[in-house]
Protein chains: 2
Amino acid sequence: MPNKSIHTKLTKNEEDYLKALFHLLSEAGDNKVGTNQLAEYMGISPASVSGMLKKMKTKDLVASERYGKLDLTEEGTAIAVQLIRKHRLWETFLYTHMNFTWDEVHEVAEQLEHIKSTKLIAELDKFLGHPKRDPHGAVIPNAEGEYQLLPKITLAQLEAGDRCRLVSVKDSSVAFLQYVSRLGLALSSEIQIREIEAFDGSVTISFDNKEINVSKKFVDNVFVEKI
Amino acid sequence: MPNKSIHTKLTKNEEDYLKALFHLLSEAGDNKVGTNQLAEYMGISPASVSGMLKKMKTKDLVASERYGKLDLTEEGTAIAVQLIRKHRLWETFLYTHMNFTWDEVHEVAEQLEHIKSTKLIAELDKFLGHPKRDPHGAVIPNAEGEYQLLPKITLAQLEAGDRCRLVSVKDSSVAFLQYVSRLGLALSSEIQIREIEAFDGSVTISFDNKEINVSKKFVDNVFVEKI
DNA sequence: TACATAAATTAGGCATGCCTAACAAATCAA
DNA sequence: TTGATTTGTTAGGCATGCCTAATTTATGTA
């Protein structure tokens, strides 16, 4: 008999570690993800991370050798993906049925994702019509943990004259999301690149008959698909 | 300026104490509610309760003198009522939109009630159409913490020949709720008292053209209104 | 190669909230 | 009124998960 899933036995904190580590690993590619990095991302001290990871290794959620690069086990990855599924389904619910705005959903979804009920998530998914994307455009993994990787093209990678559609954002901080909203941009917005400033990488874009200039940092954080 | 609400600063455990104490105080009337009783109800040791209550007294949530009867402060009561509101709104949501059954809602609502978001509760309430009763027939307090006390008449207080409607249940344990469902009873079921057995207090009731005999313990746990 | 720096771990503490065991206060009954 | 029983509190421990400080290992550079 295969291992009975231990999904329901994890603490909120253990779940947060899995999510954080999964996120860093996704972004890092083949680069090393280390204790300090994880600590910084979670806003806690490296020593705390060391201690917690030690415990999680004995639970077979995290894999790494002493002083080596961090990694998730298959089990750890699977749980992390389910947490992301839950998070994004809740975000969708808050956005589509609870009148939450783009930038409000994250904080509450962060709490809701820790609710333990397989049935609830299955029903929520059904209720929402099995959505494929959350309000930020991020792909929602299915119940089996399968999900499609987005081609990661940012606004920064386009050239003057290119046209594209906004599909998601890299940074989900409230400050960034509110800025995006204030500009008048939303998911599926059609954008055209007008001009790229060689000096500082800032870009002039146009959409909805407006034309504005945005920073290098901004265009690095917006994922698009060319049209 | 009145005290800024500390609702959002409480831990899950503190909230559970408030709920438990509120529940016992409601049932006790003027009788003393003590440490042992609270401990038993929460399934923990009296010593743990002593320790926790000590802390909660300093936070002005609980009032009582050393070795005296327990009570909630106004603040503590207000928070407890809001927790009950949240619990019952979530139960309603699970029942009406997530296909949960009568006996499944409690456990998950127990988790959901600890989610911190004033906006979410306001929106949920609106989404559900400002329901007055939860799936067990219990009254849902409004956002101001006001709620109507049910006249507490149980099946046991009726006499042979009386007719009534089921409005709620006292005990929300899964075992009891499943038993009620299995009998074919639900909220608003019309029941007539056929016969009361003097020997053991068991009662023969009829509803939906069925006639069954139920125990004293059963009729003590079912709230009804006469019709 | 050897030292300086950066990264990771261990050691020792603290807060929360649980436990058992020991003790103190209150209550009931003879 | 005093002794026995019940109820409540304190004392001392444990697990979780955080912290800072000290130490160990790894790495990069002269």
Side-chain angles (χ1 to χ4, degrees), chain A residues 6-21 24-25 27-28 30-72 76 79 83 110-111 114 116, chain B residues 6-21 24-25 27-28 30-72 76 79 83 110-111 114 116:
Chain A
I6 58 171
H7 288 44
T8 53
K9 295 170 109 89
L10 301 188
T11 65
K12 176 190 173 302
N13 280 343
E14 288 170 331
E15 291 188 345
D16 285 339
Y17 272 87
L18 291 180
K19 261 194 53 173
L21 191 45
L24 291 178
L25 288 168
E27 298 235 311
D30 281 337
N31 300 326
K32 168 176 179 175
V33 172
T35 304
N36 282 0
Q37 206 183 335
L38 182 52
E40 156 120 17
Y41 181 72
M42 298 186 73
I44 59 181
S45 76
S48 302
V49 171
S50 263
M52 188 62 153
L53 291 182
K54 199 175 187 177
K55 199 184 73 181
M56 294 177 74
K57 279 179 210 169
T58 72
K59 292 197 181 184
D60 220 22
L61 297 166
V62 170
S64 74
E65 297 181 6
R66 239 175 87 122
Y67 295 97
K69 55 165 68 169
L70 303 179
D71 205 357
L72 287 167
I79 296 173
L83 285 167
E110 203 69 17
Q111 298 177 58
H114 296 293
K116 263 88 175 173
Chain B
I6 59 172
H7 288 45
T8 52
K9 294 171 110 87
L10 301 188
T11 65
K12 176 189 173 303
N13 281 342
E14 288 170 330
E15 291 189 345
D16 284 338
Y17 273 86
L18 290 180
K19 259 191 57 170
L21 192 45
L24 292 178
L25 288 169
E27 298 235 310
D30 281 338
N31 298 324
K32 169 177 178 174
V33 173
T35 304
N36 283 0
Q37 205 183 335
L38 183 52
E40 156 119 17
Y41 180 73
M42 298 187 73
I44 59 181
S45 76
S48 302
V49 170
S50 262
M52 188 62 155
L53 290 183
K54 199 175 186 176
K55 198 184 73 180
M56 294 177 74
K57 280 178 212 169
T58 73
K59 292 196 181 186
D60 218 23
L61 297 166
V62 171
S64 75
E65 298 182 5
R66 238 174 87 122
Y67 295 98
K69 55 167 64 169
L70 304 179
D71 203 357
L72 287 167
I79 297 174
L83 286 167
E110 203 68 18
Q111 298 178 57
H114 296 294
K116 263 90 174 172

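Throughout, protein chains are lettered first and strands after them, A, B, ... in sequence-line order, and every chain is numbered starting at 1.
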Minimum-distance nucleotide to B:Tyr67 side chain [options: D:dT10, C:dA25, C:dT10]: C:dA25

Measuring to OP1 and OP2 of C:dC19, would you say a side-chain N or O of B:Ser45 lies under 4.0 angstrom away? yes

Separation of A:Met52 atom CE from C:dT9 atom P, in whole Å? 15 Å

Would you kindly give the CG-to-P distance between B:Leu38 and C:dC18, to the nearest whole Å? 11 Å

Rounded interatomic separation in angstrom, taking CG from B:Asn36 and C1' from D:dT9: 11 Å

In this structure, how many angstroms lie between the C1' atom of C:dT16 and the NZ atom of A:Lys12, rounded? 15 Å

Nearest whole Å is fine: how far is D:dA26 P from A:Gln37 CD? 19 Å

Report yes or no: does A:Glu14 contribute a side-chain atom to a donor-acceptor pair with the main-chain N or O of A:Thr11 at less than 3.5 Å? yes

The reported gap from NZ in B:Lys12 to NZ in A:Lys12 (rounded to nearest 0.5 angstrom) is 13.0 Å

Go through C:dT9, C:dC19, C:dC18 for me and flag the one nearest to the A:Pro46 side chain. C:dT9

Quick one: is A:Lys54 getting a side-chain N or O under 4.0 Å of the C:dA8 phosphate, OP1 or OP2? no

Can you measure B:Met42 atom CE to D:dG8 atom C1' for me and round it to whole angstrom units? 17 Å

For B:Ser50, report the nucleic acid contact type (base, sugar-phosphate, nothing); a contact means any heavy atom under 4.0 Å. base

Please report the distance, rounded to the nearest Å, between CD in A:Glu40 and P in C:dA8. 12 Å

Distance, rounded to the nearest Å, where A:Glu65 contributes CD and D:dT25 contributes C1': 14 Å

For A:Asn13 and D:dC18, is the shortest distance between a side-chain N/O and OP1 or OP2 below 4.0 Å? yes

Heavy atoms only: give me the nearest B:Leu38-B:Leu21 pair and the separation to one decimal. CD1-N, 4.0 Å

Nucleotide nearest B:Arg66 when distance is taken to its side chain, options D:dC18, D:dT10, D:dA26: D:dT10

Base, sugar-phosphate or nothing for B:Lys32? Non-hydrogen atoms, less than 4.0 Å. sugar-phosphate

If the cut-off is 4.0 Å, is A:Tyr17 near the phosphate of D:dC18, judged by side-chain N/O to OP1 or OP2? yes

Short side-chain to backbone donor-acceptor contact, A:Lys116 and A:Lys9, under 3.5 Å: no

Find the distance between CE (B:Met52) and CG (B:Leu61) and round it off to the nearest 0.5 Å. 9.5 Å

Of the listed nucleotides (C:dT9, C:dC18, D:dC19), which one gets closest to any side-chain atom of B:Ile44? C:dC18

By nearest nucleotide on DNA chain D, pick out whichever of A:Glu14 and B:Ser48 is the more 5' one. B:Ser48

Do any side-chain nitrogens or oxygens of A:Thr35 fall under 4.0 Å of OP1 or OP2 in C:dA7? no

